[in-house]
Amino acid sequence: MPLWLFDALLAAGLVLLAWQSLHASDLFKAIVLFIAFGLLMALAWVRLDATDIALAEAAIGAGLTGALLLDALGHVAGEPRRDGDGQGIDEAPADDRLPLGRLRRAAFAALMLAATAGLAFAVWHLPADYPGLRDAVVEALEGHPVGNAATAVLIDFRAYDTFLEMGVLAFAAIGALLLVARRLRVARAEPPARGSVILDVLARLLVPLMLIASGYLLWAGTAGSGGAFPAGAMLGAAGVLLFLADIGRRFVVDGPAARLVLALGLLVFLIAGGVAMALGRPFLDWGEEWTYAAVLAIEAVLTLSIGGTLALLYGASAKLPPEEGDGVAEREDAAAVELEAAGGGGG
Amino acid sequence: MSGDPVSLVIYAMAAVALSGIAVHAFAVRAHLLRRLIAINIFSSAVFLLLVTIARRAPGGVPDPVPHAMVLTGIVVAISATALALILIRRIFDATGSSLLPEDGEPERGAP
């Protein structure tokens, strides 16, 4: 089979899965199709010679995102709830199409089709051979102690970008913790799958292997495929498994240690950059003899921080108590929202 | 892959199609979880286009700068997704609905 035929099938599969996920009448089905979409994306990354991305996608796109979405679906798709007056609040309908009317729907579809065709036209006319910044990177990599170009770009050439990206990650986690902080005082949620023997055994078998794999990805990332992002994603997935199996929940619960892990990604760049400046170099400029040590050390801390932040994000969202047995707090919340709505003149 | 131009066109056009159907679904579907899936598929489409563009470099080695951008982008996307899911849960707890009110519609949960 010619390889382009495989690519065509894979691309068609991606588009088909995406369409079905976006338009399946059942949201559970939509999420499962989205997980399958993530798996196919990982295959596409391998075909495009982006193995680092494939590794990260396999752990995140196919694993963590699915776990998060299914968890949230379990929360919002429970029994239809009732408000304080005992009056039913309507559930989200399984068919969540907006009531647009046939004409507006067709007009919008035509508009989107035209925009997509325009994008296709633009992409079609991109030059077929374009090295981008590749040659500059290859030149800079001559004699560079880090063999993996993506790692060198992330931690050395464009360290400032990665530094700020860790800030984005930390802010997302802080936002998540803030949103669940009030609920935590009300009730402590139990992990969703207490008492599952299979999960327990699986976690005990898999988590050590995942830790080894994460360490390997980190170590290999300086020379070949891997690096802090795939390794951190693997570590985060291990943390989620620990949380689900209720084995090492204290590792993924918000506390001083977890908050330090959150900050580590930013701190390591600040400290390393500060040290570089103290030695008379520019901020985040490692100097020739220290590059390898700096990259490896930063990657190790980043792996811990990324993995910890992802596990903490999952733990924070899974810790929101279910609607049953928490009615008082919910009514308080609803009342607060009502007050706000009335105060804002919107009610 | 050898940077086979046929394959590159296939993946680039898949990225274009994915972005089109994702934006379309985002607009015509109302459930917030569905819209979050649409955002995620749209970001996957952008990543796919970036990596395909990086693969055009002649001589077998792709441009690593877009790869680095996509790697960090995937991690940022999952953290934004986690934050959005917590917001969706809070909206559901506060209003009992996973849909946002339409223009002109009274706020759910309001008197």
Side-chain angles (χ1 to χ4, degrees), chain A residues 4 7-8 11 14-15 18-19 21-22 27 34 41 47-50 52-53 56 60 64-65 68 72 75-76 81 89 92 96-98 112 116 119-120 123 128-134 137 149-150 153-154 165 168-169 172 175-176 179 229 306 313 317 320 330 333-334 337-338 341 346-347, chain B residues 1 4-7 10-14 16-18 20-21 23-25 28-31 33-34 37-38 41 44 51-52 54-58 61-65 67-68 70-72 74-76 78-83 85-86 88-90 92-94 96-99 107 109-111:
Chain A
W4 66 261
D7 292 325
L14 278 172
V15 175
W19 176 266
S21 172
L22 291 167
L27 270 172
F34 180 68
M41 279 305 287
R47 287 290 299 140
L48 288 164
D49 288 330
D52 298 349
I53 303 175
I60 290 181
L64 270 170
T65 313
L68 280 167
H75 185 88
V76 302
R81 281 151 24 87
I89 300 178
D96 60 331
R97 271 176 295 192
L98 285 176
M112 277 314 300
T116 309
L119 188 59
V123 168
D129 284 339
Y130 182 69
L133 290 169
R134 201 266 315 263
V137 173
V153 169
L154 281 170
E165 238 127 26
V168 175
L169 203 58
L179 282 168
F229 285 84
I306 293 169
L313 276 168
S317 79
L320 276 177
E330 263 162 28
D333 267 7
V337 167
E338 274 170 29
Chain B
M1 186 163 75
D4 174 12
V6 179
S7 296
I10 288 171
Y11 284 114
M13 288 304 143
V16 168
L18 284 175
I21 62 175
V23 175
H24 172 258
V28 301
R29 291 280 175 172
H31 199 285
L33 278 179
R34 181 96 66 182
I37 292 178
I41 287 179
S44 284
V51 172
T52 310
R55 196 63 201 74
R56 291 176 306 158
V61 184
D63 181 359
V65 176
H67 283 199
V70 171
L71 259 183
T72 50
I74 287 178
V75 173
V76 168
I78 173 81
S79 51
T81 300
L83 180 61
L85 284 171
I86 293 176
I88 291 173
R89 286 170 190 232
R90 290 304 301 257
F92 179 79
D93 284 346
S97 167
S98 311
L99 314 173
E107 294 263 339

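Letters A, B, ... mirror the listed sequences (proteins, then strands); counts begin at 1.
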**Study point:** Proximity breakdown for Ile306(A) and chain B, heavy-atom pairs closer than 4.5 Å
**Key:**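 For Ile306(A), side-chain heavy atoms alone lie under 4.5 Å from chain B.
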Point to revise | Pick from Ser44(B), Ala38(B), Ala54(B) with the largest number of heavy-atom pairs that fall under 4.5 Å of chain A | key: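 Between Ser44(B), Ala38(B), Ala54(B), the count favours Ser44(B).
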Check your understanding: Which residues pass the side chain to side chain contact (heavy atoms under 4.5 Å, CB included) test with Val61(B), sequence neighbours left out?
Key ->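 Checked Val61(B) against side chain to side chain contact (heavy atoms under 4.5 Å, CB included); matches are Arg134(A).
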Check your understanding: Arg90(B) side chain to Leu179(A) main-chain N or O, any donor-acceptor pair under 3.5 Å?
Key ->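 Between the backbone of Leu179(A) and the side chain of Arg90(B) there is a qualifying donor-acceptor contact (under 3.5 Å).
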**Study point:** Nearest heavy-atom neighbours spanning Leu18(B) and Leu14(A)
**Key:**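 Answer, listing the atom of Leu18(B) first, then Leu14(A): CD2-O, 3.8 Å.
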Check your understanding: What heavy-atom pair brings Arg89(B) and Leu68(A) nearest, and what distance separates the two atoms?
Key ->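 That closest heavy-atom pairing would be NH2-O, 4.5 Å.
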Check your understanding: Do Val75(B) and Glu165(A) come within less than 4.5 Å of each other through their side chains, counting heavy atoms only?
Key ->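 A side-chain contact is absent here, since even the closest heavy-atom pair is not under 4.5 Å.
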**Study point:** Distance in Å, Leu119(A) CG paired with Met13(B) CE, rounded so as to fall on 0.5 Å steps
**Key:**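 So the gap between those two atoms works out to 8.0 Å.
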Check your understanding: Which region of Phe34(A), side chain (C-beta onward) or backbone (N, CA, C, O), has a non-hydrogen atom less than 4.5 Å from a non-hydrogen atom of chain B, or is it both or neither?
Key ->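 Looking at Phe34(A), just its side chain touches chain B.
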Practice item. Examine distances only and state if a side-chain atom of Asp63(B) and a backbone atom of Leu133(A) form a donor-acceptor pair shorter than 3.5 Å. Key: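 Yes: the side chain of Asp63(B) pairs with the backbone of Leu133(A).
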Practice item. Determine the minimum heavy-atom distance between Ile86(B) and Ala176(A), stating which atoms define it. Key: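 Taking every non-hydrogen atom into account, CD1-CB, 3.4 Å.
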Check your understanding: When rounded to the nearest 0.5 angstrom, what is the spacing between CD1 in Ile41(B) and CG in Leu22(A)?
Key ->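 Answer rounded to 0.5 Å: 4.0 Å.
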Review point. What orientation do His75(A) and Phe92(B) show, parallel under 30°, tilted 30 to 60°, or perpendicular over 60°?
Key: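 His75(A) vs Phe92(B) ring planes: perpendicular.
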Point to revise | pair Asp52(A)-His67(B): side-chain heavy atoms closer than 4.5 Å | key: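 Of all side-chain heavy-atom pairs linking His67(B) with Asp52(A), none is under 4.5 Å.
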Check your understanding: How close do Trp4(A) and Val6(B) get, heavy atom to heavy atom, and via which atoms?
Key ->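 Distance-wise, the nearest heavy atoms are CB-CG1, 4.0 Å.
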Check your understanding: Do you know the tightest heavy-atom contact between Ala72(A) and Leu33(B)?
Key ->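 Heavy atoms of Ala72(A) and Leu33(B) come nearest at CB-CD2, 4.1 Å.
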Practice item. Output the option from Thr52(B), Val23(B), Ile10(B), Thr81(B) having the highest count of non-hydrogen pairs under 4.5 Å with chain A. Key: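 Most pairs with chain A among the choices: Ile10(B).
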Practice item. Considering non-hydrogen atoms only, spot the tightest contact between Arg47(A) and Ser7(B) and give its length. Key: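 Here Arg47(A) and Ser7(B) meet closest at NH2-OG, 4.3 Å.
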Point to revise | Any residue meeting side chain to side chain contact (heavy atoms under 4.5 Å, CB included) with Val168(A), in chain and number order, not counting sequence neighbours | key: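 Partners of Val168(A) under the side chain to side chain contact (heavy atoms under 4.5 Å, CB included) test: Val76(B).
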Point to revise | Pair Ile53(A)-Leu71(B), side-chain contact (heavy atoms from CB on, under 4.5 Å): steps then yes or no | key: CA-CA 6 Å; Ile53(A) 303 175; Leu71(B) 259 183; 4.1 Å; yes
Point to revise | Interface residue of largest heavy-atom contact number with chain A, from Pro58(B), Gly20(B), Ala17(B), Ala25(B), under 4.5 Å | key: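 Answer, by heavy-atom pair count under 4.5 Å with chain A: Pro58(B).
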Exercise for review: Return the option, out of Ala12(B), Ser79(B), Ala14(B), with the maximum number of heavy-atom pairs under 4.5 Å with chain A.
Suggested key: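 The answer is Ser79(B).
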Exercise for review: Examine whether an atom of Ala120(A) lies under 4.5 Å from a heavy atom of chain B, and if so say whether it belongs to the side chain, the backbone or both; otherwise answer neither.
Suggested key: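 Contact with chain B involves both backbone and side-chain atoms of Ala120(A).
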**Study point:** Any Ile74(B) side-chain heavy atom under 4.5 Å of Phe229(A) side chain
**Key:**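 Contact flag for Ile74(B)/Phe229(A) side chains = no.
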Check your understanding: When you look at Arg55(B) and Asp49(A), which way does the side-chain contact (heavy atoms from CB on, under 4.5 Å) test go after all the steps?
Key -> CA-CA 8 Å; Arg55(B) 196 63 201 74; Asp49(A) 288 330; 2.8 Å; yes
Practice item. Measure distances from Val137(A) to the heavy atoms of chain B and classify the residue's part below 4.5 Å as side chain, backbone, both or neither. Key: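 The side chain, not the backbone.
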